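Remarks on the structure that follows.
All residue numbers in this chain count up from 1 along the given sequence. All of these numbers come straight from a predicted model, not from anything done at the bench.
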Amino acid sequence: METNKDDDYIVIKAKENGVQVIGLTRGQDTKFHHTEKLDKGEVLIAQFTNHTSAVKIRGKAEVLTKHGKVESES
């Protein structure tokens, strides 16, 4: 996998058990390409790459990016 030093990273911290983090592909057809399940207190560091254009989060989690902090509610 080719990456660039300027690729963006996000940090996701689960606020409850069973938080799902889903990576979505780039391109004409957006598809799920990776799924992780986090339990309360677990942290995942994710990177946007040439293949990953978006991340979907299901469950209560704290998300840290270079743009600030966001909390998902469900």
Side-chain angles (χ1 to χ4, degrees):
M1 175 173 67
E2 190 174 314
T3 61
N4 181 327
K5 67 179 178 67
D6 296 323
D7 287 342
D8 286 333
Y9 291 85
I10 62 172
V11 177
I12 303 158
K13 181 177 180 182
K15 305 285 260 179
E16 65 182 4
N17 289 334
V19 171
Q20 291 183 347
V21 181
I22 303 162
L24 303 165
T25 61
R26 290 189 186 277
Q28 218 168 17
D29 297 324
T30 301
K31 298 177 184 175
F32 297 138
H33 76 80
H34 188 82
T35 302
E36 291 287 333
K37 190 172 270 191
L38 303 176
D39 285 331
K40 186 176 182 176
E42 289 186 322
V43 173
L44 176 71
I45 300 171
Q47 179 182 29
F48 291 98
T49 67
N50 293 335
H51 301 291
T52 304
S53 65
V55 174
K56 181 176 182 175
I57 299 170
R58 289 186 181 145
K60 293 184 180 183
E62 183 176 5
V63 182
L64 303 171
T65 74
K66 68 179 182 182
H67 303 288
K69 180 173 98 171
V70 177
E71 293 203 20
S72 63
E73 297 180 9
S74 62

- Please examine the side chains of V21 and L38, heavy atoms only from C-beta on, and report whether any two atoms are closer than 4.5 Å.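 A side-chain contact exists here, since the closest heavy-atom pair is under 4.5 Å.
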- Query: Just wondering, do Q47 and I45 contact through their side chains at under 4.5 Å, heavy atoms?
  - Reply: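 Result no, sub-4.5 Å side-chain heavy-atom pair not found.
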At their closest point, which heavy atom of [X] faces which heavy atom of [Y], and how far apart are they?
{"X": "A61", "Y": "V19", "result": "CB-CG1, 4.1 Å"}
{"X": "S72", "Y": "G59", "result": "OG-O, 2.5 Å"}
{"X": "K66", "Y": "D8", "result": "NZ-OD1, 3.1 Å"}

Can you measure from [atom1] ([X]) to [atom2] ([Y]) and round to the nearest 0.5 angstrom?
{"X": "E42", "Y": "N17", "atom1": "CD", "atom2": "CG", "answer": "8.0 Å"}
{"X": "K69", "Y": "E62", "atom1": "NZ", "atom2": "CD", "answer": "4.0 Å"}
{"X": "L24", "Y": "K56", "atom1": "CG", "atom2": "NZ", "answer": "7.5 Å"}

- Message: Check whether T65 reaches the backbone of I10 with its side chain - one donor and one acceptor, N or O, closer than 3.5 Å.
- Response: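 Here the side-chain-to-backbone pair does not exist.
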- Not counting sequence neighbours, which residues clear side-chain hydrogen bond (donor to acceptor under 3.5 Å, both in side chains) with Q20? List them please.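 Testing Q20 for side-chain hydrogen bond (donor to acceptor under 3.5 Å, both in side chains), a comparison that skips the adjacent residues, returns R58.
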- Task: Applying side-chain hydrogen bond (donor to acceptor under 3.5 Å, both in side chains), name anything that partners E71, two or more places apart in sequence or on another chain.
- Result: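 With neighbours one apart ignored, the set is empty.
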- Report whether L64 and Y9 are members of the same hydrophobic cluster (ILVMFWY, side-chain heavy atoms less than 4.5 Å apart, transitive linking).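 Hydrophobic grouping puts L64 with Y9.
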